[in-house]
Trainee: 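Before I ask anything, let me first share the structure, which is written out below as C-alpha coordinates.
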Amino acid sequence: MTKINDSYLKLPGSYLFSAIGKKVRAFEAAHPETKVIRLGIGDVTRPLTKTVIDALHSAVEEMGQEETFRGYAPDLGYEFLREAIAGADYQERGCAIAPDEIFVSDGAKCDCGNIQEIFSLKNKVAVCDPVYPVYVDSNVMAGRAGEYDEERGCFTGIIYMPCLEENGFLPMLPEETPDLIYLCFPNNPTGSVITRPELQKWVDYANEKGSVILYDAAYEAYIRTEGIPHSIYECDGADTCAIEFHSFSKNAGFTGLRLGYTVVPKKLVRDGTPLNALWARRHGTKYNGAPYIVQRAGEAVYSKEGRKEVKGLVDDYMENASLILKGLKEAGFTASGGVDAPYIWLKVPEGMTSWEFFDALLERAGVVGTPGSGFGPCGEGYFRLTAFGSRENTEEALERIRTNFGG
Ligand SMILES: *Cc1c(COP(=O)(O)O)cnc(C)c1O
(Lines give C-alpha, C1' and ligand atoms only; values in the text may rest on other atoms or scores of the structure.)
Protein backbone atom coordinates (compact mmCIF):
# COMPACT_ATOMS: atom_id res chain seq x y z
CA MET A 1 0.00 0.00 0.00
CA THR A 2 1.29 3.41 -0.94
CA LYS A 3 1.53 5.81 1.97
CA ILE A 4 1.25 9.54 1.47
CA ASN A 5 3.41 12.20 3.11
CA ASP A 6 0.95 12.93 5.91
CA SER A 7 2.78 16.11 6.88
CA TYR A 8 0.75 17.67 4.05
CA LEU A 9 -2.40 16.96 6.05
CA LYS A 10 -1.18 19.25 8.83
CA LEU A 11 -1.63 22.33 6.67
CA PRO A 12 -4.88 24.13 7.51
CA GLY A 13 -7.54 23.45 4.88
CA SER A 14 -8.59 26.94 3.97
CA TYR A 15 -5.83 28.79 2.21
CA LEU A 16 -5.96 32.53 2.91
CA PHE A 17 -6.49 33.62 -0.68
CA SER A 18 -9.22 31.08 -1.41
CA ALA A 19 -11.08 32.30 1.70
CA ILE A 20 -10.80 35.85 0.36
CA GLY A 21 -11.90 34.77 -3.13
CA LYS A 22 -15.02 33.17 -1.69
CA LYS A 23 -16.05 36.31 0.20
CA VAL A 24 -15.42 38.53 -2.84
CA ARG A 25 -17.49 36.29 -5.13
CA ALA A 26 -20.38 36.36 -2.64
CA PHE A 27 -20.18 40.16 -2.45
CA GLU A 28 -20.10 40.51 -6.25
CA ALA A 29 -23.13 38.26 -6.62
CA ALA A 30 -25.06 40.38 -4.08
CA HIS A 31 -23.88 43.75 -5.52
CA PRO A 32 -23.52 43.38 -9.28
CA GLU A 33 -23.58 47.20 -9.63
CA THR A 34 -20.39 47.71 -7.59
CA LYS A 35 -17.01 47.53 -9.28
CA VAL A 36 -14.80 45.71 -6.79
CA ILE A 37 -11.23 47.03 -6.63
CA ARG A 38 -8.48 44.61 -5.61
CA LEU A 39 -5.72 46.16 -3.56
CA GLY A 40 -4.81 42.83 -2.06
CA ILE A 41 -2.93 41.27 -4.93
CA GLY A 42 0.67 40.22 -4.43
CA ASP A 43 1.30 39.99 -8.16
CA VAL A 44 2.57 42.61 -10.58
CA THR A 45 0.26 43.97 -13.28
CA ARG A 46 2.48 45.97 -15.67
CA PRO A 47 3.68 44.14 -18.80
CA LEU A 48 7.28 43.08 -19.50
CA THR A 49 9.54 45.85 -20.79
CA LYS A 50 10.74 46.32 -24.38
CA THR A 51 14.33 45.29 -23.68
CA VAL A 52 13.13 42.04 -22.09
CA ILE A 53 10.71 41.30 -24.93
CA ASP A 54 13.48 41.96 -27.51
CA ALA A 55 15.82 39.58 -25.69
CA LEU A 56 13.10 36.92 -25.61
CA HIS A 57 12.48 37.30 -29.36
CA SER A 58 16.10 36.99 -30.33
CA ALA A 59 16.64 33.99 -28.03
CA VAL A 60 13.60 32.31 -29.60
CA GLU A 61 15.20 32.86 -33.04
CA GLU A 62 18.47 31.32 -31.83
CA MET A 63 16.65 28.21 -30.65
CA GLY A 64 15.37 27.65 -34.19
CA GLN A 65 18.83 27.65 -35.84
CA GLU A 66 21.17 24.68 -35.86
CA GLU A 67 24.24 26.82 -35.02
CA THR A 68 22.68 28.64 -32.08
CA PHE A 69 20.28 26.03 -30.70
CA ARG A 70 20.74 25.21 -26.98
CA GLY A 71 19.74 22.03 -25.16
CA TYR A 72 19.87 21.53 -21.40
CA ALA A 73 21.16 24.60 -19.58
CA PRO A 74 24.22 24.29 -17.31
CA ASP A 75 23.29 23.19 -13.76
CA LEU A 76 24.02 26.51 -12.06
CA GLY A 77 22.60 28.60 -14.92
CA TYR A 78 24.31 30.24 -17.90
CA GLU A 79 27.52 32.06 -17.14
CA PHE A 80 26.39 35.20 -19.00
CA LEU A 81 23.58 35.60 -16.47
CA ARG A 82 25.55 34.63 -13.36
CA GLU A 83 28.28 37.08 -14.31
CA ALA A 84 25.77 39.89 -14.86
CA ILE A 85 24.22 39.15 -11.44
CA ALA A 86 27.55 38.92 -9.60
CA GLY A 87 28.61 42.24 -11.11
CA ALA A 88 25.47 44.33 -10.73
CA ASP A 89 23.88 42.93 -7.58
CA TYR A 90 27.05 42.26 -5.57
CA GLN A 91 30.40 43.55 -6.78
CA GLU A 92 29.00 47.03 -7.55
CA ARG A 93 27.75 47.08 -3.94
CA GLY A 94 31.08 45.99 -2.52
CA CYS A 95 30.00 42.40 -1.80
CA ALA A 96 32.52 39.72 -2.76
CA ILE A 97 30.10 37.22 -4.32
CA ALA A 98 31.44 35.23 -7.30
CA PRO A 99 29.44 33.76 -10.21
CA ASP A 100 29.97 30.20 -8.92
CA GLU A 101 28.14 31.11 -5.71
CA ILE A 102 25.03 32.00 -7.70
CA PHE A 103 22.40 29.40 -8.64
CA VAL A 104 19.89 30.46 -11.28
CA SER A 105 16.40 29.07 -10.79
CA ASP A 106 12.77 29.36 -11.81
CA GLY A 107 11.94 31.70 -8.93
CA ALA A 108 12.56 32.67 -5.33
CA LYS A 109 9.37 31.09 -4.03
CA CYS A 110 10.53 27.69 -5.26
CA ASP A 111 14.02 28.21 -3.82
CA CYS A 112 12.70 29.38 -0.42
CA GLY A 113 10.70 26.17 -0.27
CA ASN A 114 13.34 23.84 -1.72
CA ILE A 115 16.40 25.04 0.19
CA GLN A 116 15.23 23.32 3.39
CA GLU A 117 15.91 19.99 1.69
CA ILE A 118 19.68 20.26 2.24
CA PHE A 119 19.09 20.63 5.99
CA SER A 120 18.26 17.90 8.49
CA LEU A 121 14.68 17.55 9.70
CA LYS A 122 16.04 17.99 13.21
CA ASN A 123 16.76 21.67 12.60
CA LYS A 124 14.63 24.16 14.47
CA VAL A 125 13.15 26.81 12.19
CA ALA A 126 12.45 30.43 13.16
CA VAL A 127 10.19 32.75 11.18
CA CYS A 128 8.93 36.28 11.61
CA ASP A 129 5.34 36.73 12.73
CA PRO A 130 3.62 37.88 10.52
CA VAL A 131 5.31 35.96 7.69
CA TYR A 132 5.19 35.13 3.98
CA PRO A 133 3.42 31.72 4.23
CA VAL A 134 5.88 29.79 1.99
CA TYR A 135 8.60 29.47 4.65
CA VAL A 136 6.33 27.82 7.19
CA ASP A 137 4.29 25.71 4.77
CA SER A 138 7.31 24.17 3.02
CA ASN A 139 8.85 23.20 6.36
CA VAL A 140 5.55 21.74 7.53
CA MET A 141 5.35 19.65 4.32
CA ALA A 142 8.89 18.42 4.94
CA GLY A 143 7.93 17.26 8.45
CA ARG A 144 9.79 19.90 10.44
CA ALA A 145 6.75 21.17 12.37
CA GLY A 146 4.44 19.78 15.05
CA GLU A 147 0.71 20.29 14.87
CA TYR A 148 -1.32 23.31 13.80
CA ASP A 149 -2.77 25.10 16.78
CA GLU A 150 -6.12 26.35 15.50
CA GLU A 151 -6.62 28.70 18.42
CA ARG A 152 -3.24 30.41 18.24
CA GLY A 153 -3.09 30.20 14.45
CA CYS A 154 0.41 28.73 14.33
CA PHE A 155 2.38 25.47 14.36
CA THR A 156 4.07 23.89 17.34
CA GLY A 157 7.74 23.13 16.80
CA ILE A 158 8.35 26.38 14.87
CA ILE A 159 9.78 29.47 16.54
CA TYR A 160 7.68 32.55 15.76
CA MET A 161 9.46 35.87 16.25
CA PRO A 162 6.92 38.64 16.90
CA CYS A 163 7.28 41.75 14.71
CA LEU A 164 5.42 44.49 16.54
CA GLU A 165 4.73 48.16 16.03
CA GLU A 166 6.99 49.17 18.95
CA ASN A 167 9.99 47.55 17.20
CA GLY A 168 9.25 49.01 13.77
CA PHE A 169 7.93 45.54 12.81
CA LEU A 170 11.41 44.04 13.11
CA PRO A 171 11.78 40.62 14.77
CA MET A 172 13.37 40.27 18.19
CA LEU A 173 16.16 37.74 18.77
CA PRO A 174 14.36 34.59 19.97
CA GLU A 175 14.83 33.06 23.42
CA GLU A 176 15.19 29.56 22.01
CA THR A 177 18.13 29.21 19.59
CA PRO A 178 17.00 28.40 16.04
CA ASP A 179 19.11 26.52 13.47
CA LEU A 180 17.46 28.09 10.43
CA ILE A 181 16.26 31.70 10.48
CA TYR A 182 14.09 33.06 7.69
CA LEU A 183 14.32 36.84 7.24
CA CYS A 184 12.72 38.90 4.49
CA PHE A 185 13.53 42.60 3.91
CA PRO A 186 11.92 44.70 2.54
CA ASN A 187 9.22 42.66 4.19
CA ASN A 188 6.12 41.04 2.83
CA PRO A 189 3.54 41.63 4.38
CA THR A 190 4.55 44.59 6.61
CA GLY A 191 6.62 46.62 4.13
CA SER A 192 9.25 47.20 6.85
CA VAL A 193 12.98 47.42 6.18
CA ILE A 194 16.04 46.72 8.30
CA THR A 195 19.06 48.98 8.76
CA ARG A 196 22.57 47.67 8.30
CA PRO A 197 23.46 47.78 12.06
CA GLU A 198 20.24 45.88 12.90
CA LEU A 199 20.91 43.26 10.22
CA GLN A 200 24.52 42.99 11.40
CA LYS A 201 23.17 41.88 14.80
CA TRP A 202 21.46 38.92 13.15
CA VAL A 203 24.59 38.03 11.20
CA ASP A 204 26.69 38.15 14.37
CA TYR A 205 24.09 36.08 16.23
CA ALA A 206 23.99 33.42 13.48
CA ASN A 207 27.78 33.20 13.33
CA GLU A 208 27.99 32.90 17.10
CA LYS A 209 25.30 30.20 17.34
CA GLY A 210 26.16 28.35 14.13
CA SER A 211 22.69 29.01 12.67
CA VAL A 212 21.99 29.75 9.00
CA ILE A 213 20.01 32.80 7.91
CA LEU A 214 17.79 32.33 4.86
CA TYR A 215 17.48 35.88 3.56
CA ASP A 216 14.71 36.73 1.09
CA ALA A 217 15.64 39.84 -0.91
CA ALA A 218 12.74 39.63 -3.40
CA TYR A 219 11.86 43.32 -2.86
CA GLU A 220 15.41 44.70 -2.86
CA ALA A 221 14.68 46.87 -5.93
CA TYR A 222 12.06 48.82 -3.95
CA ILE A 223 14.56 50.22 -1.46
CA ARG A 224 14.88 54.00 -1.87
CA THR A 225 16.16 55.07 1.52
CA GLU A 226 19.91 55.65 1.42
CA GLY A 227 21.92 53.22 3.54
CA ILE A 228 19.33 50.44 3.80
CA PRO A 229 21.12 47.21 2.79
CA HIS A 230 20.07 45.66 -0.53
CA SER A 231 21.80 42.38 0.32
CA ILE A 232 22.70 40.62 3.56
CA TYR A 233 26.26 40.31 2.20
CA GLU A 234 26.66 44.03 2.86
CA CYS A 235 27.10 42.91 6.50
CA ASP A 236 30.47 41.66 7.74
CA GLY A 237 30.69 37.89 8.03
CA ALA A 238 27.39 37.15 6.24
CA ASP A 239 29.20 34.84 3.81
CA THR A 240 29.77 32.35 6.64
CA CYS A 241 26.14 32.26 7.81
CA ALA A 242 23.66 33.37 5.14
CA ILE A 243 21.93 32.16 1.99
CA GLU A 244 20.14 34.81 -0.08
CA PHE A 245 17.15 34.54 -2.44
CA HIS A 246 16.44 36.90 -5.32
CA SER A 247 13.63 37.12 -7.80
CA PHE A 248 13.03 38.81 -11.15
CA SER A 249 9.30 38.81 -10.35
CA LYS A 250 8.63 42.01 -8.46
CA ASN A 251 11.26 44.25 -10.08
CA ALA A 252 11.09 43.20 -13.76
CA GLY A 253 7.62 41.64 -13.77
CA PHE A 254 8.70 38.01 -14.36
CA THR A 255 5.96 36.42 -12.19
CA GLY A 256 4.64 34.59 -15.24
CA LEU A 257 7.98 34.14 -17.00
CA ARG A 258 9.75 32.65 -13.90
CA LEU A 259 13.33 33.49 -12.98
CA GLY A 260 15.20 33.84 -9.72
CA TYR A 261 18.50 32.98 -8.14
CA THR A 262 19.96 31.86 -4.83
CA VAL A 263 23.37 32.74 -3.41
CA VAL A 264 25.17 30.06 -1.39
CA PRO A 265 28.67 31.34 -0.51
CA LYS A 266 31.53 28.85 -0.67
CA LYS A 267 32.63 29.89 2.82
CA LEU A 268 29.32 28.77 4.31
CA VAL A 269 30.09 25.45 6.02
CA ARG A 270 27.98 23.43 8.46
CA ASP A 271 28.67 19.96 9.86
CA GLY A 272 32.04 20.18 8.07
CA THR A 273 30.29 20.39 4.69
CA PRO A 274 30.23 23.38 2.30
CA LEU A 275 26.58 24.12 1.61
CA ASN A 276 27.48 25.37 -1.87
CA ALA A 277 28.44 21.81 -2.84
CA LEU A 278 25.24 20.36 -1.35
CA TRP A 279 23.00 22.79 -3.18
CA ALA A 280 24.94 22.19 -6.42
CA ARG A 281 24.31 18.47 -5.97
CA ARG A 282 20.61 19.01 -5.51
CA HIS A 283 20.44 21.54 -8.31
CA GLY A 284 22.13 19.15 -10.75
CA THR A 285 19.81 16.29 -9.88
CA LYS A 286 16.39 17.67 -9.11
CA TYR A 287 16.22 20.77 -11.17
CA ASN A 288 15.85 21.31 -14.92
CA GLY A 289 17.00 24.92 -15.01
CA ALA A 290 15.28 28.07 -16.14
CA PRO A 291 14.95 28.04 -19.96
CA TYR A 292 17.74 29.58 -22.05
CA ILE A 293 15.23 32.07 -23.44
CA VAL A 294 14.27 33.24 -19.96
CA GLN A 295 17.90 33.47 -18.83
CA ARG A 296 18.58 35.76 -21.82
CA ALA A 297 15.61 37.87 -20.72
CA GLY A 298 17.15 38.01 -17.24
CA GLU A 299 20.48 39.15 -18.70
CA ALA A 300 18.64 41.98 -20.49
CA VAL A 301 17.35 43.26 -17.14
CA TYR A 302 20.97 44.14 -16.26
CA SER A 303 21.64 46.10 -19.47
CA LYS A 304 21.75 49.88 -19.22
CA GLU A 305 18.34 50.19 -20.86
CA GLY A 306 16.96 47.25 -18.86
CA ARG A 307 17.95 48.81 -15.56
CA LYS A 308 16.27 52.07 -16.57
CA GLU A 309 13.07 50.23 -17.43
CA VAL A 310 13.03 48.35 -14.12
CA LYS A 311 13.47 51.60 -12.27
CA GLY A 312 10.50 52.96 -14.24
CA LEU A 313 8.30 49.99 -13.24
CA VAL A 314 9.28 50.20 -9.59
CA ASP A 315 8.83 54.00 -9.49
CA ASP A 316 5.38 53.59 -11.01
CA TYR A 317 4.28 51.08 -8.34
CA MET A 318 5.83 53.19 -5.63
CA GLU A 319 3.78 56.18 -6.75
CA ASN A 320 0.73 54.05 -5.94
CA ALA A 321 2.24 53.24 -2.55
CA SER A 322 2.64 56.97 -1.80
CA LEU A 323 -0.97 57.63 -2.85
CA ILE A 324 -2.20 54.82 -0.60
CA LEU A 325 -0.21 56.05 2.40
CA LYS A 326 -1.43 59.61 1.88
CA GLY A 327 -5.07 58.56 1.33
CA LEU A 328 -5.12 56.35 4.41
CA LYS A 329 -3.68 59.12 6.52
CA GLU A 330 -6.35 61.54 5.26
CA ALA A 331 -9.01 58.99 6.21
CA GLY A 332 -7.57 58.88 9.73
CA PHE A 333 -5.81 55.51 9.58
CA THR A 334 -2.40 54.57 10.94
CA ALA A 335 -0.24 52.85 8.36
CA SER A 336 3.40 51.92 7.81
CA GLY A 337 5.53 50.40 5.05
CA GLY A 338 5.04 51.71 1.51
CA VAL A 339 8.30 53.69 1.46
CA ASP A 340 10.87 51.01 0.57
CA ALA A 341 8.36 48.28 -0.29
CA PRO A 342 5.17 47.90 -2.36
CA TYR A 343 3.22 46.86 0.77
CA ILE A 344 1.28 49.06 3.15
CA TRP A 345 0.55 47.71 6.62
CA LEU A 346 -2.58 49.32 7.95
CA LYS A 347 -3.64 49.25 11.59
CA VAL A 348 -7.33 48.30 11.73
CA PRO A 349 -9.62 50.53 13.83
CA GLU A 350 -9.72 49.83 17.57
CA GLY A 351 -12.05 46.97 18.52
CA MET A 352 -12.11 45.33 15.09
CA THR A 353 -10.42 42.09 14.02
CA SER A 354 -8.58 42.06 10.70
CA TRP A 355 -11.31 39.88 9.12
CA GLU A 356 -14.02 42.27 10.41
CA PHE A 357 -12.12 45.10 8.75
CA PHE A 358 -11.90 43.03 5.55
CA ASP A 359 -15.70 42.74 5.55
CA ALA A 360 -16.20 46.43 6.35
CA LEU A 361 -13.83 47.57 3.61
CA LEU A 362 -15.54 45.33 1.07
CA GLU A 363 -19.09 46.24 2.13
CA ARG A 364 -18.57 49.99 2.49
CA ALA A 365 -15.96 50.72 -0.19
CA GLY A 366 -15.94 47.68 -2.48
CA VAL A 367 -12.19 47.38 -1.88
CA VAL A 368 -10.37 44.09 -1.28
CA GLY A 369 -7.23 43.78 0.83
CA THR A 370 -5.63 41.01 2.89
CA PRO A 371 -6.35 40.45 6.61
CA GLY A 372 -3.13 40.55 8.60
CA SER A 373 -4.11 37.52 10.69
CA GLY A 374 -3.65 35.41 7.54
CA PHE A 375 0.11 35.97 7.89
CA GLY A 376 0.38 34.82 11.51
CA PRO A 377 -0.95 35.59 15.00
CA CYS A 378 0.87 38.93 15.29
CA GLY A 379 -0.76 40.05 12.04
CA GLU A 380 -4.09 40.26 13.90
CA GLY A 381 -5.20 43.87 14.08
CA TYR A 382 -3.49 44.72 10.79
CA PHE A 383 -4.35 44.70 7.12
CA ARG A 384 -2.17 44.54 3.98
CA LEU A 385 -2.71 46.74 0.94
CA THR A 386 -0.48 46.49 -2.13
CA ALA A 387 0.78 49.00 -4.69
CA PHE A 388 0.42 46.67 -7.69
CA GLY A 389 -2.99 47.91 -8.90
CA SER A 390 -3.47 50.32 -11.80
CA ARG A 391 -3.15 54.03 -10.99
CA GLU A 392 -6.80 54.59 -11.82
CA ASN A 393 -8.04 51.79 -9.55
CA THR A 394 -5.73 52.82 -6.74
CA GLU A 395 -6.97 56.41 -6.89
CA GLU A 396 -10.60 55.33 -7.00
CA ALA A 397 -10.12 52.91 -4.08
CA LEU A 398 -8.58 55.67 -1.98
CA GLU A 399 -11.38 58.06 -2.88
CA ARG A 400 -13.93 55.48 -1.71
CA ILE A 401 -11.98 54.86 1.51
CA ARG A 402 -11.82 58.61 2.23
CA THR A 403 -15.56 58.97 1.59
CA ASN A 404 -16.69 55.92 3.56
CA PHE A 405 -14.22 55.86 6.42
CA GLY A 406 -12.81 59.38 6.77
CA GLY A 407 -14.19 61.81 9.38
C1 LIG B 1 6.67 37.45 -4.53
C2 LIG B 1 7.66 36.96 -3.54
C3 LIG B 1 8.74 36.17 -3.95
C4 LIG B 1 8.95 35.89 -5.42
O5 LIG B 1 8.81 34.60 -5.77
P6 LIG B 1 9.01 34.14 -7.27
O7 LIG B 1 8.90 32.66 -7.13
O8 LIG B 1 10.39 34.55 -7.70
O9 LIG B 1 7.95 34.74 -8.12
C10 LIG B 1 9.64 35.72 -3.00
N11 LIG B 1 9.49 36.06 -1.70
C12 LIG B 1 8.50 36.85 -1.28
C13 LIG B 1 8.41 37.24 0.15
C14 LIG B 1 7.53 37.31 -2.18
O15 LIG B 1 6.52 38.06 -1.76
Side-chain angles (χ1 to χ4, degrees), residues 15-17 39-46 48 52 77 81 85 89 102-116 125-139 161 163 169-171 181-194 213-223 230-232 242-263 283 287-291 294-295 297-298 301 310 313-314 317-318 321 337-338 340-345 369-370 372 374-376 379 384-389:
Y15 180 56
L16 174 63
F17 292 98
L39 287 190
I41 37 170
D43 194 356
V44 295
T45 52
R46 310 287 195 275
L48 296 170
V52 166
L81 179 56
I85 292 167
D89 288 348
I102 292 164
F103 297 78
V104 174
S105 74
D106 56 344
K109 178 176 180 175
C110 326
D111 281 351
C112 291
N114 290 332
I115 195 75
Q116 45 83 25
V125 175
V127 295
C128 292
D129 173 15
V131 65
Y132 176 57
V134 172
Y135 315 142
V136 175
D137 290 359
S138 55
N139 277 286
M161 305 181 290
C163 299
F169 300 103
L170 294 184
I181 305 167
Y182 282 91
L183 295 178
C184 172
F185 293 106
N187 189 263
N188 176 11
T190 66
S192 62
V193 287
I194 193 164
I213 296 174
L214 302 168
Y215 194 76
D216 188 342
Y219 296 97
E220 164 272 313
Y222 287 83
I223 295 171
H230 288 247
S231 161
I232 195 167
I243 289 174
E244 181 165 281
F245 306 105
H246 265 255
S247 172
F248 289 74
S249 284
K250 311 297 168 34
N251 57 346
F254 279 34
T255 53
L257 198 56
R258 311 303 306 142
L259 190 65
Y261 69 85
T262 289
V263 180
H283 226 60
Y287 166 69
N288 290 321
V294 177
Q295 295 196 40
V301 170
V310 163
L313 283 174
V314 169
Y317 290 131
M318 287 310 284
D340 295 298
Y343 296 115
I344 290 91
W345 196 234
T370 314
F375 300 103
R384 191 189 75 172
L385 293 174
T386 75
F388 293 124

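In each ligand, atom 1 is the first atom listed, and ligand 1 is the first ligand listed. Values reported hereafter were calculated over all heavy atoms of this structure, with side chains retained and with hydrogens, waters and symmetry mates removed.
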Trainee: Could you tell me whether Asp106 and ligand 1 have an N or O pair separated by under 3.5 Å?
Mentor: no
Trainee: List every atom of ligand 1 that sits less than 4.0 Å from any heavy atom of Ala218, numbering the atoms from 1 in the order shown and giving each element.
Mentor: 3 (C), 10 (C), 11 (N)
Trainee: In terms of the angle between their ring planes, are Tyr261 and His246 parallel, tilted or perpendicular, with boundaries placed at 30° and 60°?
Mentor: parallel
Trainee: Going by heavy-atom distance to atom 3 (C) of ligand 1, choose the closest among His246, Lys250, Lys109, Arg258.
Mentor: Lys250
Trainee: Which of the atoms of ligand 1 are close to Gly107, meaning less than 4.0 Å from one of its heavy atoms?
Mentor: 7 (O), 8 (O)
Trainee: Using heavy-atom distances, let me know which of Ser247, Pro342, Ala341 sits nearest atom 4 (C) of ligand 1.
Mentor: Ser247
Trainee: Just to be sure I read this right, does ligand 1 sit under 4.0 Å from the backbone of Ala108, its side chain, both, or neither, counting only heavy atoms?
Mentor: both
Trainee: Which residue, Phe375, Tyr182, Phe245, forms the ring-ring contact (aromatic ring centres under 6.0 Å, His included) with Tyr135?
Mentor: Tyr182
Trainee: Can you find a heavy atom in the side chain of Val52 that is under 4.5 Å from one in the side chain of Phe254?
Mentor: yes
Trainee: For the residue pair Phe185 and Tyr215, categorise the inter-ring angle as parallel (less than 30°), tilted (30 to 60°) or perpendicular (more than 60°).
Mentor: tilted
Trainee: Could you tell me whether Tyr219 approaches ligand 1 through its side chain, its backbone, both or neither, with non-hydrogen atoms closer than 4.0 Å?
Mentor: side chain
Trainee: Among protein heavy atoms, which lies nearest atom 11 (N) of ligand 1, and at what distance?
Mentor: Asp216 OD2, 2.7 Å
Trainee: So, for Arg46 and Gly389, which heavy atoms are closest and what is the spacing to 0.1 Å?
Mentor: NH1-O, 3.1 Å
Trainee: Side chains of Leu16 and Pro133: closer than 4.5 Å at any heavy-atom pair?
Mentor: no
Trainee: Return a yes/no value for Tyr135: is any of its N or O atoms, backbone included, closer than 3.5 angstrom to an N or O of ligand 1?
Mentor: no
Trainee: Decide yes or no for Arg384 and Pro130: does some side-chain heavy atom of the first lie under 4.5 Å from some side-chain heavy atom of the second?
Mentor: no
Trainee: Taking only heavy atoms of Ser249, which atoms of ligand 1 are found under 4.0 Å from at least one of them?
Mentor: 6 (P), 8 (O), 9 (O)
